[in-house]
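Everything below concerns the one structure shown next.
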Amino acid sequence: MSLHLEHLNPEQLAAVTLPERHALILAGAGSGKTRVLTTRIAWLVQEGHVSPGNVLAVTFTNKAAREMLARLAAMLPINLRGMWMGTFHGLANRMLRFHFRDAGLPQTFQILDSQDQLAAVKRMLKGLNADEDRFPPREVQSFINSQKEEGLRAGDVHVTDEGTRRFVDFYAAYDEQCRAEGVVDFAELLLRAYELLKRNEVLREHYAERFRHILIDEFQDTNRLQYRWLKLLAGRDSRLFAVGDDDQSIYAFRGAHSANMGQFEREFGIDRVIRLEQNYRSHGNILDAANALIANNRNRLGKNLWTASGKGDPLRVFEAGSDGEEARFIVEEVRALQRDGNRLAEIAVLYRSNAQSRVIEHALFSSSIPYRVYGGLRFFERAEIKHALAYLRLVGLPDDDNAFLRVANFPPRGIGARTIEQVQDAAKANGTSLLVAAAASTGRAAPALASFRALIDRLKAECAGLPLAECVELVVAASGLIEHYKAERDGAERVENLGELVNAAATFTEEERESETGAEVDPLSAFLAHAALEAGEHQAGEGQDALQMMTVHSAKGLEFNAVFLTGLEEGLFPHEQAFVERDGLEEERRLAYVAITRARERLYLSHAQTRMLHGQMRYSLPSRFLSEIPEGLKKWLTPRVTSERRSALGSSSSWQVPRKKEEHVVFASERPGFRIGQNVVHAKFGAGVIVDAEGHGEDARVQVNFGRQGVKWLAVAVAKLQAA
DNA sequence: GTGAGGCCCCTTTTT
DNA sequence: GGGGCCTCAC
């Protein structure tokens, strides 16, 4: 047996071999957290005489769960089947599939992803004739989700004003709609699983008895409901082992509540928090930069990472004139790194938002550098795949109105908007699902509706005896989707993806199904749940040596030899949205901290003076995060003149210039020294950037962003601006 | 009922 | 820049 305890440092060893009690491990980036978790489980099984079935392990992503399981399998030569390991959502799904009756759900309940949920909210609002301007669907959706994440049903929400009352009404109507259709959204999975245990003492006792050891990774990213669920699950004899890093809490926007760490410490009587502070990943300069940056946050439990490895290279900082130039810089450096023997898979390009990837992709593509983009539009989120899944959902659950609306007339079969409306009215009047109402229609489109209904019935009957993959193949073909996309001009890729879906069904093996849900769930429901819960990481080109591109969020937990952290601009990173959110700036800083600590040996930081965003040119100042990293750690690859002048600016947001302002041209030609984007200096306000202009000659005025001094409109004739 | 074309809107991160 | 939604012509 090979736990290799001798390779652990004293703190890691203490965590792994902690006697039977609750534990909180504060584990810094790169401190061997996953190793500690897996070794802990192995140690419990081996030394603590616990069977894998007594262990529940919660991870943040499905990928992390798979990785941990693989590592465990290498350590322990026993069957790990009985162990529950997965994400909160995956585990909740599993529990609800087992106890669907107690949870008040149909056996084949379907899971709505965010897109589906938004569509469902829109439909509910339409049904209530709600004013979509006053109650934007997105806001209603996020209201519902945040209430659920706090564990509140519509009836539990404290109503203080009329506006809230409306939102609560929508919440109630939405829940009723979901109940009638047998569908469950992400937050609902968690809330149902929580309520299931809360109400059902027998079940609660059963699980409390069973799970002697509950281990939770990325504890800082749990929300309040998840924390309460864990508390319910933990019996008298259960021990919780929570691992987290408050400095890497980056999911507050979806309800993560890093204060759970402190609360856990109090409520579970943790007398000594174990701190893992030795970093095994990054060179000294990179770690020093991360430490200096995060020191600017006030809300911290406090911890300082150190490394025994050398200082390494300084951080390389590049100021680009434009986003295109930034991309070209990346291309050049990546080539240089390759020449030095680095594999592309060991190099990552990170960005704050998905929209930034396009320019970089373009540059990589024209330079023939293979790359792989993570996230963005994921496989199971593509329109053609969602269509195929909608057919499958109707086969599994005829009440799924979302699915009905998606494909009743796709591909077109003569069921227009007017007809759909009539079906909806009939369904409402008779209290049936749309599919049932469709079959009962007597209108002009009745034959089309009847044949659609017949198609679904036929698929259901034929699928009954078929293996999953053949069922998917049949549905994809019989739905007419393939034919439809073949006839479309750029439909080739979509046809290919539909073929991929059949492959995905084929590789969705017995083992996966069992590890994700439970043996008695029917394969189709299990596959559909899998599609909803794990939208991503099913992409072609896996295994090829390719440059890794992803958002900072999806880079969490990963590491690379070289990292490019791009778009370090005020307004982009930190994102301007964060300025108006509570503690938004600190979350952005943690995000930057996560990004920096991904790098082992080399870290590039870049920003662009101008950037095309949403079809508009933006002029931005360098991110405050750049200046929060000590000068001694950085090496500027561009002339320092601009950089120094700019750092004197301090911070401010970035600015968009309105489209279609012909004055700019006139203005520029009259005053050759000034143009939009020009750096200027003002006697009183200091350095700034021209972000807008209007008027001519003596009346000419410019709008200048002076960073901390604010944004001012100045008359050019009066202000005595110096070109900088 | 269908499909093309145009307008308007948004625009962060994800299980 | 792109997707959702509307209008209009067939």
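Excluded from the calculations below are hydrogen atoms, water molecules and symmetry mates; all remaining heavy atoms, backbone and side chain alike, are included.
- Nucleotide B:dT13 holds its P atom 10 Å from the OH atom of A:Tyr351, rounded to whole Å.
- In this structure, CD of A:Gln115 is placed 16 Å from C1' of B:dC10, rounded to the nearest angstrom.
- Here the closest heavy-atom approach between residue A:Arg590 and residue A:Gln248 is recorded as CD-N, 4.4 Å.
- Using a 4.0 Å heavy-atom cutoff across all strands shown, A:Tyr251 reaches sugar-phosphate atoms only and no base atom.
- When the nucleotides B:dT14, B:dT11, B:dT15 are ranked by their closest atom to the side chain of A:Phe186, B:dT15 comes out on top.
- Separation of the P atoms belonging to B:dT13 and C:dG4 is 16 Å when rounded to the nearest angstrom.
- Proximity of A:Asn354 to the phosphate of B:dT12: no side-chain N or O atom is located under 4.0 Å from OP1 or OP2.
- In this structure, A:His575 packs face-to-face on the six-membered ring of B:dT12, meeting both the 5.5 Å centre cutoff and the 30° plane limit.
- Note on ring orientation: taking the six-membered ring where Trp is involved, the planes of A:Phe143 and A:Phe167 are tilted (angle from 30° to 60°).
- As a whole-Å value, the separation of A:Arg382 CZ from C:dG3 P is 12 Å.
- A:His553 and A:Phe253 have their aromatic ring centers within a separation under 6.0 angstrom.
- The side chain of A:Lys122 lies closest to C:dC5, out of C:dC5, B:dT12, B:dT14.
- Checking B:dT14, B:dT15, B:dT11 against the side-chain heavy atoms of A:Ser554 singles out B:dT14 as nearest.
- The phosphate of B:dG1 has neither OP1 nor OP2 within less than 4.0 Å of any side-chain N or O from A:Arg418.
- Contact record, A:Ser353 with A:Leu572: OG-CD1, 4.3 Å, taken as the closest heavy-atom pair.
- Contact check, A:Asn223 against B:dT15: no side-chain N or O comes under 4.0 Å of OP1 or OP2.
- The residue among A:Gly416 and A:Gln577 whose nearest nucleotide of DNA chain B lies closer to the 5′ end is A:Gly416.
- With distances taken from any side-chain atom of A:Glu588 to the nucleotides C:dG2, B:dT2, B:dT12, the minimum falls on B:dT12.
- Checking A:Ala578 against A:Pro412, the closest nucleotide of DNA chain B that is more toward the 5' end is the one next to A:Pro412.
- Between A:Lys556 and A:Glu218 there is a salt bridge, since at least one side-chain N of the basic residue sits less than 4.0 Å from a carboxylate O of the acidic one.
- Backbone-only contact: A:Arg413 has heavy atoms under 4.0 Å from sugar-phosphate atoms and none from a base.
- To the nearest angstrom, C1' of C:dC5 lies 16 Å from CG of A:Leu405.
- Counted within 6.0 Å of CD on A:Gln115, heavy atoms from surrounding residues, nucleotides or ligands total more than 12; the atom is thus considered enclosed.
- Residue A:Arg254 contributes atom CZ, which lies 9 Å from atom C1' of B:dT13 at whole-angstrom precision.
- Between the P atom of B:dT14 and the CD atom of A:Glu381 lies a distance of 9 Å, rounded to the nearest Å.
- Distances were taken from every side-chain heavy atom of A:Thr419 (C-beta onward) to each of B:dT15, B:dG1, B:dT13; the shortest belongs to B:dG1.
- A sub-4.0 Å separation between OP1 or OP2 of B:dT2 and a side-chain N or O of A:Asn409 is present.
- A:Ser114 contributes no side-chain N or O that forms a donor-acceptor pair with the base of B:dT14 under 3.5 Å.
- In this structure, CD of A:Glu421 is placed 14 Å from C1' of B:dG1, rounded to the nearest angstrom.
- Scanning atom types as modelled, one donor and one acceptor separated by under 3.5 angstrom connect the side chain of A:His553 and the base of B:dT13.
- Between the CG atom of A:Asp221 and the P atom of B:dT14 there is a distance of 13 Å, rounded to whole Å.
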